[in-house]
Peer 1: 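Once you've had a glance at the structure underneath, I'll fire off some questions.
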There are 2 protein chains.
Amino acid sequence: MNEVTRREQSRAATELDIRRQARELLVREGQEAVTLRAIARELGITAPALYRYYASREELLSRIREDICGDLSAELTAAMPTEQGHLSKVFAVCRGFRWWALAHPREFALVFATPAAKGTRKRGGPERQGGGGTAHEQEMPRRDELGSVFLKVAGPLMAEGVAESPPAHIPEELRDGLGDSRRDLAEAFEAEGIDMPREALSAEAVYLLLRWWARLYGQVALEVFDQFPFDVSQAGRLFESMLVELAGESGLS
Amino acid sequence: MNEVTRREQSRAATELDIRRQARELLVREGQEAVTLRAIARELGITAPALYRYYASREELLSRIREDICGDLSAELTAAMPTEQGHLSKVFAVCRGFRWWALAHPREFALVFATPAAKGTRKRGGPERQGGGGTAHEQEMPRRDELGSVFLKVAGPLMAEGVAESPPAHIPEELRDGLGDSRRDLAEAFEAEGIDMPREALSAEAVYLLLRWWARLYGQVALEVFDQFPFDVSQAGRLFESMLVELAGESGLS
DNA sequence: TGGGCGAAGTAAACGCCGTTAACTCGGGAT
DNA sequence: ATCCCGAGTTAACGGCGTTTACTTCGCCCA
């Protein structure tokens, strides 16, 4: 067993080439230049051949989004120091995210700023199709893989009860409404294999997590899309300032 | 004088129709549906006729971006209470911005999250082509018009020395680098006809202004692009919480 | 009042695009 | 040796932005 016929091999290689060329076009010339015909041209084949691999251009773009998340995920994981205390890990991931976004603005836009497409973004129900595992269990959406990086770094911090000082008093009505998010987050940690004592997932902790993500994403998007009101050559320092501030508000050193 | 020939009238009307149809297509079906042929079809003319009005599709989109800024600007101005203290005005503008963005996601994306297009976004030099004014002095980019709304509400707050308490100690290296921004901001206020004593434009004030914009933009983009890590039904409350927090950090009631 | 100029609009065409349908042809299983 | 099926092809459809050459008609001036 484990025979890989030439056909399978060739198919896999071509599929990879397609995505690679598509990525290159995206980087070089922007989203609307990612054209089935252009990809095919670069690969020395004809456009309709691509339909043997993807049902449509939109599906190809979708796969590319996943690839991008995978790459980003790997890069952030690599940038994370082993043995350095959780705070430096958090900082490393945040800085890594910013750096990646600035270096790959089109990819960032494709993944993090595509206007939602209406029906997308379902809450992932219990639709695990648990077939017998061959080798690598199989191709879960890379989006989760990216989330897992953030969870891996946030988890330990939350587990050890980050905010000894409960600095941000949450508005009452928000505290109540955060219940669903607490459950979602608990599930996510469990799925990730990270132990998370129920009481560590306080409303405060969830609130803090949301603030981290909101400000990180916000500042990065602001910078990538160049939406500073007047030119800010100090964006980097501003970002660093945000990080230490956020850390302070979270009760970290 | 002041004669408007039928030609001019007709031309102006058609130009307006074009932009209106384009906006409708944008809202209804998204950016890539804003097609010269589609617009022409809806107007009962042929596509090449549009080239009498705009040199290219890209130029048309550019004009639409300006129109959108104009509308948003007007909406925010209207939403601003007269006679209510500066803080409520700030809150009203922020809430208005969020509300508008959620109600007009495609417009928001077009204006606030388009990947920069390389050569754009020059710092506006002294290239005023001050011809003799006919009627309305003429068509300054709507982007400035939008900025002016924010300046109009931020100005008074800064002028009266917002942060009596200097709460956020700015990192030294950032304080230095903020010099350019202070100059830019001073110019902007002057251009807007808002008196701004030089000493009110402290580094702290500029820093606070940047934080307001960064968080406002960030949170709104996060919500429009649906990038919350898990579903947050409480986005509205989260937004409100951010506002009061920001106000607190700025030394406002 | 008429002549002509210039602007608004059209028709036809070019080269792109995504997508479909009908085909060739060769590797792999029987 | 045979058949099958899947990767790849060619040809075609309709839609796209844009250019070119043309009609047509409102306006200005004689």
Side-chain angles (χ1 to χ4, degrees), chain A residues 1-26 28-65 106 110 114 117-118, chain B residues 1-26 28-65 106 110 114-115 117-118 134:
Chain A
M1 57 201 68
N2 196 15
E3 304 255 12
V4 264
T5 66
R6 259 190 294 179
R7 281 252 268 257
E8 293 168 313
Q9 215 170 345
S10 158
R11 178 178 176 87
T14 305
E15 184 167 353
L16 200 131
D17 280 349
I18 293 172
R19 303 217 295 265
R20 203 153 26 127
Q21 275 301 338
R23 284 285 288 278
E24 189 178 322
L25 283 167
L26 173 63
R28 271 211 327 255
E29 315 181 31
Q31 180 168 176
E32 67 271 14
V34 181
T35 273
L36 294 188
R37 292 185 129 105
I39 296 168
R41 216 178 295 130
E42 304 267 351
L43 260 52
I45 59 179
T46 59
L50 297 179
Y51 284 82
R52 296 282 164 191
Y53 299 89
Y54 305 96
S56 68
R57 181 186 120 110
E58 204 43 55
E59 186 179 306
L60 171 58
L61 280 180
S62 183
R63 291 296 304 267
I64 287 173
R65 270 185 273 262
R106 323 249 209 199
L110 187 63
T114 290
K118 287 266 171 77
Chain B
M1 56 205 64
N2 195 15
E3 304 257 11
V4 264
T5 67
R6 258 188 297 177
R7 280 251 267 257
E8 292 169 314
Q9 215 170 345
S10 159
R11 179 177 177 85
T14 305
E15 185 167 352
L16 200 130
D17 279 351
I18 293 172
R19 302 216 297 264
R20 204 154 26 129
Q21 275 300 338
R23 285 283 289 278
E24 189 177 323
L25 283 167
L26 173 63
R28 272 212 327 256
E29 316 181 32
Q31 179 167 179
E32 66 271 15
V34 181
T35 274
L36 295 188
R37 291 184 131 104
I39 296 168
R41 216 178 296 129
E42 304 267 352
L43 261 52
I45 59 179
T46 60
L50 297 178
Y51 284 82
R52 297 281 165 191
Y53 299 88
Y54 305 97
S56 69
R57 181 185 119 111
E58 204 43 56
E59 186 180 306
L60 171 57
L61 280 180
S62 184
R63 291 296 305 267
I64 287 173
R65 270 187 272 263
R106 323 250 206 196
L110 186 63
T114 291
K118 286 262 171 82
T134 47

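Letters A, B, ... are given to chains in the order of the sequence lines, protein chains preceding strands, and every chain is numbered from 1. Just so you know, these numbers use all the heavy atoms, side chains as well, and skip hydrogens, waters and symmetry mates.
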Peer 1: On a heavy-atom basis, which atom in A:Arg63 and which in A:Tyr54 lie closest, and how many Å separate them?
Peer 2: CG-CE2, 3.7 Å
Peer 1: What's the CD-C1' distance between B:Glu58 and D:dC16, to the nearest Å?
Peer 2: 15 Å
Peer 1: Quick one: do B:Glu15 and B:Arg19 make a salt bridge, cutoff under 4.0 Å?
Peer 2: yes
Peer 1: Could you tell me whether A:Arg23 and A:Glu42 make a salt bridge, using a distance below 4.0 angstrom between a side-chain N and a carboxylate O?
Peer 2: no
Peer 1: Could you please name the option among D:dT18, D:dG8, C:dA21 that lies closest to any side-chain atom of A:Ala49?
Peer 2: D:dG8
Peer 1: Does D:dG17 have its OP1 or OP2 closer than 4.0 Å to a side-chain nitrogen or oxygen of B:Thr35?
Peer 2: yes
Peer 1: Looking at the side chain of A:Arg52, which of C:dA12, C:dA21, D:dG8 is the nearest nucleotide?
Peer 2: D:dG8
Peer 1: Nearest whole Å is fine: how far is C:dA8 P from B:Glu8 CD?
Peer 2: 10 Å
Peer 1: Calculate the interatomic distance between A:Asp17 atom CG and D:dG8 atom C1'; express it in whole Å.
Peer 2: 15 Å
Peer 1: Does OP1 or OP2 of D:dT18 have a side-chain N or O of B:Arg57 closer than 4.0 Å?
Peer 2: no
Peer 1: Figure out the CG/C1' separation between B:Leu16 and C:dA8, and round it to whole Å.
Peer 2: 17 Å
Peer 1: Nearest whole angstrom, please: distance from the P of C:dA8 to the OH of B:Tyr54.
Peer 2: 12 Å
Peer 1: Heavy-atom nearest nucleotide on DNA chain D for A:Ser10 versus B:Leu36: which residue maps closer to 5'?
Peer 2: A:Ser10
Peer 1: Reckon B:Tyr53 has a side-chain N or O less than 4.0 Å from the OP1 or OP2 of C:dA7?
Peer 2: no
Peer 1: From the set D:dC16, D:dT10, C:dG18, return the single nucleotide nearest to any side-chain atom of B:Arg37.
Peer 2: D:dC16
Peer 1: Between D:dG8, D:dA7, D:dA11, which nucleotide has the shortest distance from any of its atoms to the side chain of A:Arg11?
Peer 2: D:dA7
Peer 1: Is the shortest side-chain N/O distance from A:Arg41 to OP1 or OP2 of C:dC17 below 4.0 Å?
Peer 2: yes
Peer 1: Rounding to an integer number of Å, can you tell me how far A:Leu25 CG sits from C:dG18 P?
Peer 2: 11 Å
Peer 1: So, does A:Thr46 get its side chain near the phosphate of D:dT9, meaning an N or O under 4.0 Å from OP1 or OP2?
Peer 2: yes
Peer 1: Kindly give the heavy-atom pair with the smallest separation between A:Ala47 and A:Arg37, and that separation in Å.
Peer 2: CB-CG, 3.8 Å
Peer 1: I'd like to know if B:Arg57 and B:Glu32 make a salt bridge, using a cut-off of under 4.0 Å between side-chain N and carboxylate O.
Peer 2: no
Peer 1: A:Glu42 has an atom CD; how far is it from atom C1' of C:dC16, in whole Å?
Peer 2: 15 Å
Peer 1: When the distance from CD of B:Glu32 to C1' of D:dG17 is rounded to whole Å, what number comes out?
Peer 2: 16 Å
